[in-house]
Amino acid sequence: MYALIQNNEIVKVFANPEGFTLNGNQYSSQIFTLWSNEEKQEIGIYEIETDSSNFKDEAYYINTNEIFAFSNGKATRSWGNAFVKQLEDVNAVDQNGAPILQDGKQLVTKGLKSQKISISKQQAAGLLQSTDWYVTRKSDTGTAIPQAIQDFRTEVRSVSNQQETQINACSNVEQLKALYEYVGETNPTRPLAEYPKEVI
């Protein structure tokens, strides 16, 4: 990523190499790879240094827009302080603080906990779906469900409940995020309960 500097200000950011016209001269995109930094800087092209220390995981945080700056001969890209996303559900309100209704009911903005629990339940439903036919067959014909299948379905439901309990126990976003982070090199594991492998 490069910046075009004029009068000590960034006037254009090049996210990718591209041809451009400057002061009546046409420049090919190849200058970004073929020219040295000194050659590029002579026409005002500076490589942008990125400081991502404030950039947070977008699944859990709301990052500010990128901040581009030029100072002391350096072009930089950074972010302001990130904001944590809402952990709990909240009732939606308008700009005056009045409740927002949908079909006569209070509209609720789902927090991260509810979102994660919803994903967990979708995963459980997807795992159970492949063996639902055993349940249908038993209902229709009385044929017993194989023990291995029954055990699998029981474990899926157990893990779903365990994940929901673990998620609900989190009191801040960092705790929730940590549930999903794998640690260890040989056999990485995470605190959040894992679903069993699908049976065939």
Side-chain angles (χ1 to χ4, degrees), residues 1-98 100 102 107-120 122-123 167 170-192:
M1 183 175 284
Y2 290 85
L4 172 60
I5 309 300
Q6 292 180 341
N7 298 321
N8 287 320
E9 291 186 358
I10 296 176
V11 296
K12 180 177 176 61
V13 171
F14 297 92
N16 297 293
E18 62 180 77
F20 63 96
T21 300
L22 179 62
N23 298 326
N25 297 314
Q26 182 71 36
Y27 294 93
S28 164
S29 62
Q30 293 182 330
I31 72 163
F32 291 95
T33 52
L34 297 180
W35 286 19
S36 67
N37 284 336
E38 290 75 15
E39 289 173 319
K40 287 194 286 280
Q41 288 174 13
E42 284 181 6
I43 64 169
I45 300 294
Y46 286 74
E47 186 168 5
I48 296 174
E49 300 179 11
T50 297
D51 176 3
S52 57
S53 56
N54 282 339
F55 190 85
K56 302 286 187 180
D57 188 336
E58 292 180 305
Y60 303 93
Y61 294 86
I62 300 172
N63 290 292
T64 67
N65 292 330
E66 295 168 303
I67 302 168
F68 292 96
F70 182 74
S71 179
N72 298 321
K74 288 185 178 181
T76 58
R77 175 176 68 144
S78 60
W79 289 263
N81 292 326
F83 300 91
V84 293
K85 290 186 176 180
Q86 186 68 38
L87 189 65
E88 307 287 351
D89 295 350
V90 293
N91 291 336
V93 296
D94 62 20
Q95 59 186 5
N96 297 317
I100 298 177
Q102 188 174 54
L107 183 64
V108 176
T109 302
K110 299 294 185 182
L112 287 174
K113 283 185 181 181
S114 288
Q115 294 173 30
K116 293 293 188 182
I117 289 171
S118 177
I119 292 171
S120 174
Q122 290 173 17
Q123 291 173 333
I167 292 168
C170 294
S171 58
N172 57 58
V173 169
E174 283 300 320
Q175 289 178 356
L176 181 63
K177 184 174 181 290
L179 286 179
Y180 293 84
E181 294 177 343
Y182 286 88
V183 295
E185 295 182 3
T186 306
N187 294 303
T189 59
R190 67 179 187 183
L192 190 68

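- Scanning all heavy atoms of the two residues, the minimum distance from I48 to T76 falls at CG2-C, 3.7 Å.
- Legend: residues meeting side chain to side chain donor-acceptor pair (under 3.5 Å) with D51, ordered by chain and number and at least two apart, are S53.
- Geometric assessment of K56 against the ring of F83 yields a negative cation-pi assignment under the 6.0 Å and 45° thresholds.
- Between the OG atom of S78 and the CZ atom of F68 there is a distance of 9.0 Å, given to the nearest 0.5 Å.
- Contact annotation: the side chain of I45 never approaches that of W35 to less than 4.5 Å [non-hydrogen atoms, C-beta and beyond].
- Proximity of V93 to L107: side-chain heavy atoms (C-beta onward) are nowhere separated by under 4.5 Å.
- Enclosure of atom CG in N72 is not indicated, since only 12 or fewer non-hydrogen atoms of other residues, nucleotides or ligands lie within 6.0 angstrom.
- Nearest heavy-atom pair across I10 and V13 is CG2-CG2, 3.9 Å.
- Taking the side chain to side chain donor-acceptor pair (under 3.5 Å) definition, one finds that T64 meets it with nothing, sequence neighbours left out.
- At least one side-chain heavy atom of Y180 sits less than 4.5 Å from a side-chain heavy atom of I167.
- In this structure Q115 satisfies the side chain to side chain donor-acceptor pair (under 3.5 Å) test with no other residue, sequence neighbours excluded.
- Smallest separation of non-hydrogen atoms from C170 and L87: O-CD2, 3.9 Å.
- Residues meeting the ring-ring contact (aromatic ring centres under 6.0 Å, His included) test with F14, sequence neighbours left out: F20, F32.
- Taking each heavy atom of L112 and A59 in turn, the nearest pair found is CD2-O, 3.5 Å.
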*Go through L192 and K116 one step at a time and tell me if the side chain to side chain contact (heavy atoms under 4.5 Å, CB included) criterion holds.*
CA-CA 11 Å; L192 190 68; K116 293 293 188 182; over 6 Å; no
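- Among residues at least two apart or in separate chains, side chain to side chain donor-acceptor pair (under 3.5 Å) pairs with a member in residues 20-34 are T21-Q26.
- For the pair N54 (side chain) and W79 (backbone), a donor-acceptor distance under 3.5 Å is present.
- Residues satisfying the side chain to side chain contact (heavy atoms under 4.5 Å, CB included) test with N91, not counting sequence neighbours, are Q106, V108.
- For residues 176-191, the set of pairs meeting the salt bridge (charged side-chain N to carboxylate O under 4.0 Å, His left out) definition, not counting sequence neighbours, comprises K177-E181, R190-E194.
- Residues forming a ring-ring contact (aromatic ring centres under 6.0 Å, His included) with F70 (at least two apart in sequence, or on another chain): Y46.
- Residue pairs meeting the salt bridge (charged side-chain N to carboxylate O under 4.0 Å, His left out) criterion with at least one partner in residues 1-12, sequence neighbours excluded, are K12-E18.
- At a threshold of 4.5 Å between non-hydrogen side-chain atoms, the residues V84 and Y60 do not count as touching.
- Within the structure, no pair that satisfies the salt bridge (charged side-chain N to carboxylate O under 4.0 Å, His left out) test touches residues 20-44, not counting sequence neighbours.
- Remark: M1 CE to T50 OG1 distance equals 6.5 Å, nearest 0.5 Å.
- Applying the side chain to side chain donor-acceptor pair (under 3.5 Å) rule to E174 yields the partners Y61; only residues at least two apart in sequence or on another chain are considered.
- Note that CD of Q122 is 12.5 Å distant from CD1 of I117, once rounded to the nearest 0.5 Å.
- Among pairs with a residue in residues 65-88, those fulfilling salt bridge (charged side-chain N to carboxylate O under 4.0 Å, His left out) read E66-R77, E88-K113, at least two apart in sequence or across chains.
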